[in-house]
Amino acid sequence: MEEEDECPELVPIKEKPTGPTVQIPVTIITGYLGAGKTTLLNYILTEQHNKRIAVILNEFGEGSALEKSLAVSQAGELYEEWLELRNGCLCCSVKDNGLKAIENLMEKKGKFDYILLETTGLADPGAVASMFWVDAELGSDVYLDGIVTVIDAKYGMQHLTEEKPEGLVNEAERQIALADLTIINKTDLVNESELVELRDTVRSINGLVKILETQKSRVDLSQVLDLHSFDTNDGLRLAEKLQLVKTSQPHLDKSMLTITFEVPGSVSEDLLNIFIQNLLWEKTFKNKAGLPMTVIRLKGIVSIQQKQKKLMLQGVHELYELDETPEFWADHEPRINRLVFIGRNLDGEILKKEFISAMSIKDCVE
Ligand SMILES: Nc1nc2c(ncn2[C@@H]2O[C@H](COP(=O)(O)OP(=O)(O)OP(=O)(O)O)[C@@H](O)[C@H]2O)c(=O)[nH]1
Ligand SMILES: [Zn+2]
């Protein structure tokens with residue numbers, strides 16, 4: 001009973017293709033209108049001399065045209081590729097055609113070492129991310145390295161506190177929630193207390209994200225490129241990071257926030273999949289006010305029954321992936337599940353209880 005135009009569904013794939021084929025990292029650069037995305041791209045292109053970097057200006061999700069151009073500049077030359085967006089689910093069209101366009105381009109122009117993709121200010125980076133993320137698993141030429149969100153130091157707070165009609169998302173907030181790295185740019189335009197307020201707000205939305213501060217988007221490139229944010233080989237780093245995350249207080253009543261919990265023991269892979277699907281797809285779990293918890297980003301390190309290695313859980317919107325990391329649980333190491341969720345209407349206490357009951361863990365100390 002598969003619907004044809006259903007959004008992509010992530011089927012956990014067992015083994016990634018290994019061997020000599022080199023996959024090219026894609027970094028998505030997002031951020032509200034005028035925050036400094038293009039300035040960042042230009043800075044990277046002038047600073048970075050030993051990589052062949054392709055820049056894609058992305059217009060997905062804008063307007064209703066069925067054709068979009070994909071501009072790729074490389075070594076000062078600009079190429080254009082047209083892609084067709086079929087009606088139906090936007091993320092599916094983007095996934096099929098956007099990726100093909102990039103592959104065509106590489107066939108014609110030779111391989112790139114790195115792809116930077118600038119989204120428009122109002123785009124949902126999650127939809128763009130899913131196109132690279134899913135296909136990377138299917139042995140594609142490219143993989144998603146990370147989502148970088150540029151924030152305007154001067155107007156960032158204003159964008160974040162903008163009231164949206166019920167049911168509509170605040171794009172600035174969503175871009176921060178999905179980010180692996182945020183760059184607070186234009187720090188020359190604000191004073192220290194404004195900066196602190198913005199930094200705290202960013203942190204309250206996304207408890208996992210790294211925050212850099214810049215003028216004219218001048219960053220240390222090693223902090224922006226090759227983040228490996230979705231890489232199961234980086235399980236150890238993620239495990240360390242997750243331990244530092246704290247449940248946050250939303251900066252506004254209905255704001256996005258980060259919640260986290262730990263539950264000791266090993267869980268059944270099947271029950272975990274059902275729990276995640278209920279959370280992400282069915283939106284079964286409700287907070288105290290009776291509102292459905294909506295998760296748009298999730299990360300975790302979990303212990304699955306009968307598995308010797310730690311597993312990494314990653315989710316963006318409705319897509320998720322549960323993959324083995326190369327890390328073994330040590331003999332003396334207590335088995336534990338550590339989870340971080342970013343989204344709206346989240347209640348960490350309630351979700352932890354739901355998790356425990358869904359995993360049928362009986363001897364768990366609360
Ligand atoms: N004062 C100040 N201005 C900056 C800084 N960084 C960038 N700008 C300016 O801000 C404006 C917008 O920068 P862009 O890089 O075009 O921003 P963008 O996010 O690509 O904008 P859109 O693509 O239109 O959404 C430009 O005029 C930049 O010169 C900064 O650190 N300080
Ligand atoms: Zn721009």
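Count residues from 1 along the sequence. Read the numbers this way: they start at 1 and go in the same order the structure lists the ligands and their atoms.
Inclusion of Lys37 in the set of residues having an N or O under 3.5 Å from an N or O of ligand 1 is warranted. At under 3.5 Å, not a single nitrogen or oxygen of Leu40, backbone or side chain, sits near a nitrogen or oxygen of ligand 1. At a 3.5 angstrom cut-off on N or O pairs, Leu189 does not count as close to ligand 1. Between Thr214 and ligand 1, not a single N/O pair is under 3.5 Å apart.
Thr284 places a side-chain N or O within donor-acceptor distance of the main-chain N or O of Asn278, the cut-off being under 3.5 Å. At distances below 3.5 Å, not a single donor-acceptor pair connects side-chain atoms of Trp329 with backbone N or O atoms of Pro334.
Residues Glu213 and Lys186 are not paired through a salt bridge, judged by the lack of any N-O separation under 4.0 Å between the basic side chain and the carboxylate. Look at Glu194 and Lys154 and you find no salt bridge, because none of the NZ, NE, NH1 or NH2 atoms lies under 4.0 Å from a carboxylate O. For the pair Glu324 and Lys310, the salt-bridge criterion is not met [side-chain N within less than 4.0 Å of a carboxylate O]. A salt bridge links Asp347 with Lys288: at least one charged nitrogen is closer than 4.0 Å to a carboxylate oxygen.
Look at Thr39 and the Zn ion (ligand 2): no N/O/S atom of the residue is under 2.8 Å from the metal.
Side-chain contact, Asp220 with Ser222: a donor N or O sits under 3.5 Å from an acceptor N or O.
Here the protein heavy atom with the shortest distance to atom 16 (O) of ligand 1 is Thr38 CB, 3.9 Å. Of the protein's heavy atoms, Lys216 N, 2.5 Å lies nearest to atom 31 (O) of ligand 1. Given atom 15 (O) of ligand 1, the protein heavy atom at minimum distance is Thr39 OG1, 2.5 Å. When hydrogens are left out, the protein atom nearest atom 22 (P) of ligand 1 is Gly34 N, 3.5 Å; that is the closest non-hydrogen contact. In terms of protein heavy-atom proximity, atom 5 (C) of ligand 1 is nearest to Lys186 CG, 3.5 Å. Protein heavy atom closest to atom 17 (O) of ligand 1, with residue, atom name and distance, is Gly36 N, 3.1 Å. For atom 1 (N) of ligand 1, the nearest non-hydrogen atom of the protein is Asp188 OD2, 2.9 Å. The protein heavy-atom contact nearest to atom 23 (O) of ligand 1 is Glu118 OE2, 3.3 Å.
Few gaps surround CZ on Arg335; more than 12 heavy atoms of other groups in view lie less than 6.0 Å from it.
Assignment of Ala35 to the shell around ligand 1 is supported, since a heavy atom sits closer than 4.0 Å. For the ligand labelled ligand 1, residue Val150 lies outside the 4.0 Å heavy-atom shell. Ligand 1 lies nowhere less than 4.0 angstrom from a heavy atom belonging to Lys154.
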Between Phe285 and Phe355, is a ring-ring contact (aromatic ring centres under 6.0 Å, His included) present by the stated rule, with each step listed? CA-CA 10 Å; Phe285 307 118; Phe355 178 84; 9.9 Å; no
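Remark: atom 26 (C) of ligand 1 lies closer than 4.0 Å to no protein heavy atom. Remark: atom 19 (O) of ligand 1 lies closer than 4.0 Å to at least one protein heavy atom.
Residues Phe230 and Tyr143 keep their aromatic ring centres 6.0 Å or farther apart. Taking the six-membered ring for Trp and the full ring otherwise, the centers of Phe261 and Phe341 sit less than 6.0 Å from each other.
Among the heteroatoms counted here (N, O or S) of Glu118, OE2 is the one nearest to the Zn ion (ligand 2).
Just one residue in the list Lys352, Arg338, Lys246 forms a salt bridge (Lys or Arg N to Asp or Glu O under 4.0 Å) with Glu262, and that residue is Arg338.
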